[in-house]
Undergrad: 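Following this message is one structure expressed as structure tokens.
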Amino acid sequence: MAGLKAVILGGKTGMLGRALLDAALKMGLDALPLGREDYDMLDADSLARMVDREEPDLLFNAIAYTNVDKAEEEEDQAQAVNACLPGNLARLAKAHGFQLIHFSTDFVFDGKNRSTPYLENDEPNPLCAYGRTKLAGERKILEVDPDRFCIVRTAWLFGPGRKNFVKTMLTLAQDRDELRVVHDQIGSPTYTPDLASLSLALAELDVRGIFHAANSGVASWCELAAEAISLGGFNTTVTAIPTEEYPTPAARPAYSVLDTTKLVKITGVTPRPWVQALRDYVYLMSGTES
Ligand SMILES: NC(=O)c1ccc[n+]([C@@H]2O[C@H](COP(=O)([O-])OP(=O)(O)OC[C@H]3O[C@@H](n4cnc5c(N)ncnc54)[C@H](OP(=O)(O)O)[C@@H]3O)[C@@H](O)[C@H]2O)c1
């Protein structure tokens, strides 16, 4: 892939976008991060001008409306970013012949009566506006061509560069004796640099279709917080609470673990356990405060 031009939407400020940029540069790609100041991604003409000017071989779409709770009251805005933009990108990718790698979420699933990891072809049924708009994005891409694009569903991201759950827990632990954290939502914590490497491996193979990509292992939010706080060297007690004691505007799935068997088979790479990745992140944070 060295020398190919990769445009990374969200590559300047997004948590995953920045990790993708680092990974792409390390692989020798001619990687171009783009943000709001470069083009109006929500305007179809501006998007088309971007493609004409930049002529990508590959395009990673790491732009999303990611505020899950706020999306409940701003579903139209979330729809524009999470559904209309991916649809427009798919049309441009088909017309210009570049490879599109788009990201989606475990929140497309409802987690109801579920205790085994979700496969790519399991039936989605989002519980919240964010999940609905992300699912709509997947469908708009597949409507353009069901066999041409790569959609990577991921989950519970943590990593350098932006506010995330792990960072929030470590910040709170600095001045709290106790943190009460939900223990009845189970998912797949995922480190953005690991996800970026997996995504580039998929891009290199030029695979098409939906793939689940996440670190190995499962956790509740409480377990993830407790592990991070322990690695951070804090004495804060982490107390498990049920979801009903921490109500949020958006409903979240009680179980949204992603099965990565398809990704492992095709790339030959087994994602490392999230605990191992978390160690790297906490260590990095203790040195950089990022
Ligand atoms: N975070 C998670 O836990 C999680 C879990 C599952 C799936 N995902 C998916 O993974 C992908 C990456 O998520 P992330 O956590 O890295 O997101 P993030 O850190 O919130 O970054 C989102 C990016 O989108 C950009 N953006 C948002 N609206 C825009 C607009 N109207 N025009 C241009 N840029 C816009 C942001 O730019 P500004 O900085 O300028 O706002 C930012 O660069 C997304 O597809 C998300 O749905 C995330």
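Order of appearance sets the numbers: ligands from 1, and atoms from 1 within every ligand.
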Undergrad: Quick one: hydrophobic cluster around Tyr255, which other residues, with the 4.5 Å side-chain cut-off, linked directly or via members?
TA: Val108, Phe109, Tyr118, Leu135, Ile186, Val218, Val257, Leu258
Undergrad: Would you check the N or O atoms of Phe103, main chain and side chain alike, for any that come under 3.5 Å of an N or O of ligand 1?
TA: yes
Undergrad: Tell me, which protein residue and heavy-atom name are nearest atom 30 (C) of ligand 1, and how many Å apart are they?
TA: Arg36 NH1, 3.4 Å
Undergrad: For atom 23 (C) of ligand 1, find the nearest protein heavy atom and state the residue, atom name and distance (0.1 Å precision).
TA: Ala62 O, 3.7 Å
Undergrad: Quick check against the 3.5 Å criterion: does Glu227 have a side-chain atom that pairs as donor or acceptor with the backbone of Leu224?
TA: no
Undergrad: Is there a polar contact between ligand 1 and Leu16, counting only N or O atoms under 3.5 Å apart?
TA: yes
Undergrad: For a salt bridge (charged side-chain N to carboxylate O under 4.0 Å, His left out) check, start with the C-alpha distance between Asp280 and Arg272, then their side-chain angles and the critical distance, and finish with the verdict.
TA: CA-CA 12 Å; Asp280 281 3; Arg272 62 180 170 159; 2.9 Å; yes
Undergrad: Among protein heavy atoms, which lies nearest atom 8 (N) of ligand 1, and at what distance?
TA: Tyr130 OH, 3.7 Å
Undergrad: Between Leu231 and Tyr281, does a side-chain contact (heavy atoms from CB on, under 4.5 Å) hold up when you go through it step by step?
TA: CA-CA 10 Å; Leu231 287 169; Tyr281 178 50; over 6 Å; no
Undergrad: Cut-off 3.5 Å, side chains only: do His102 and Asn61 have a donor facing an acceptor?
TA: yes
Undergrad: Indicate yes or no: does an N/O atom of Thr105 lie under 3.5 Å from an N/O atom of ligand 1?
TA: no
Undergrad: Give the single entry among Leu157, Ile8, Val68 that approaches atom 48 (C) of ligand 1 most closely by any heavy atom.
TA: Leu157
Undergrad: Within ligand 1, which atoms have a heavy atom of Gly10 less than 4.0 Å away?
TA: 43 (O)
Undergrad: Taking a hydrophobic cluster as the set of Ile, Leu, Val, Met, Phe, Trp and Tyr residues connected by side-chain heavy atoms closer than 4.5 Å, whether directly or through intermediates, do Leu198 and Leu4 fall within one such cluster?
TA: yes
Undergrad: Heavy-atom contacts under 4.0 Å between Thr154 and ligand 1: side chain, backbone, both, or neither?
TA: both
Undergrad: Considering distance alone, does some N or O of Thr13 sit under 3.5 Å from an N or O of ligand 1?
TA: yes
Undergrad: Is the contact between Lys134 and ligand 1 made by the side chain, the backbone, both, or neither, using heavy atoms and a 4.0 Å cut-off?
TA: side chain
Undergrad: Any N or O of Val81 that comes nearer than 3.5 Å to an N or O of ligand 1?
TA: no
Undergrad: When you look for heavy atoms under 4.0 Å from ligand 1, do you find them on the side chain of Ala64, its backbone, both, or neither?
TA: both
Undergrad: Does the N or O separation between Tyr65 and ligand 1 drop below 3.5 Å for any pair?
TA: no
Undergrad: Counting from 1, what ligand 1 atoms have a heavy atom of Trp156 closer than 4.0 Å?
TA: 3 (O), 5 (C)
Undergrad: Is it true that, when you exclude Asp206 itself, more than 12 heavy atoms of the residues, nucleotides or ligands shown sit nearer than 6.0 Å to its CG?
TA: yes
Undergrad: Quick check: Gly14 and ligand 1, any N/O pair under 3.5 Å apart?
TA: yes
Undergrad: Pairs under 3.5 angstrom only: tabulate donor-acceptor contacts from the side chains of residues 125-133 to other protein residues two or more places apart or in another chain.
TA:
{"unit_1": "Asn125", "atom_1": "ND2", "unit_2": "Asp110", "atom_2": "OD2", "d": "2.9"}
{"unit_1": "Arg132", "atom_1": "NE", "unit_2": "Glu75", "atom_2": "OE2", "d": "3.0"}
{"unit_1": "Arg132", "atom_1": "NH2", "unit_2": "Glu75", "atom_2": "OE1", "d": "2.9"}
{"unit_1": "Thr133", "atom_1": "OG1", "unit_2": "Asn82", "atom_2": "ND2", "d": "3.0"}
{"unit_1": "Thr133", "atom_1": "OG1", "unit_2": "Ala129", "atom_2": "O", "d": "3.3"}
{"unit_1": "Thr133", "atom_1": "OG1", "unit_2": "Tyr130", "atom_2": "O", "d": "2.8"}

Undergrad: How about Asn113: does its CG atom have over 12 heavy atoms from other parts shown lying under 6.0 Å from it?
TA: no
Undergrad: Kindly indicate, with the supporting measurements, whether the criterion side chain to side chain donor-acceptor pair (under 3.5 Å) is fulfilled by Glu54 and Tyr39.
TA: CA-CA 11 Å; Glu54 311 301 353; Tyr39 297 95; 2.7 Å; yes
Undergrad: Just need the protein heavy atom nearest to atom 7 (C) of ligand 1, so name the residue and atom and give the distance.
TA: Ser104 O, 3.4 Å
Undergrad: With a heavy-atom distance limit of 4.0 Å, tell me whether Met15 approaches ligand 1 through its side chain, its backbone, both, or neither.
TA: both
Undergrad: What is the nearest protein non-hydrogen atom to atom 26 (N) of ligand 1, stated with its residue, atom name and distance?
TA: Ile63 CG2, 3.7 Å
Undergrad: Among all the protein's non-hydrogen atoms, which is closest to atom 17 (O) of ligand 1, and how far away is it?
TA: Thr66 CG2, 3.5 Å
Undergrad: Using the side chain to side chain donor-acceptor pair (under 3.5 Å) rule, pick out the option among Asp69, Thr243, Asp106 that qualifies with Arg252.
TA: Asp69
Undergrad: Let's go through Leu59 and Met50 carefully: what are the C-alpha distance in whole Å and the side-chain angles of both, what is the deciding distance for side-chain contact (heavy atoms from CB on, under 4.5 Å) to 0.1 Å, and is it a yes or a no?
TA: CA-CA 11 Å; Leu59 187 146; Met50 180 273 284; 3.9 Å; yes
Undergrad: Under a 4.5 Å cut-off applied to non-hydrogen side-chain atoms, are Arg162 and Arg18 in contact?
TA: no
Undergrad: Run the salt-bridge test on Arg208 and Asp145 with the 4.0 Å N-O cut-off and return the result as yes or no.
TA: no
Undergrad: Relative to the heavy atoms of Ala155, which atoms of ligand 1 are at a distance of less than 4.0 Å?
TA: 5 (C), 6 (C)
Undergrad: Any nitrogen or oxygen of Asn61, side chain or backbone, less than 3.5 Å from one on ligand 1?
TA: no
Undergrad: Check whether any N or O atom of Leu42, backbone or side chain, sits under 3.5 Å from an N or O atom of ligand 1, and answer yes or no.
TA: no
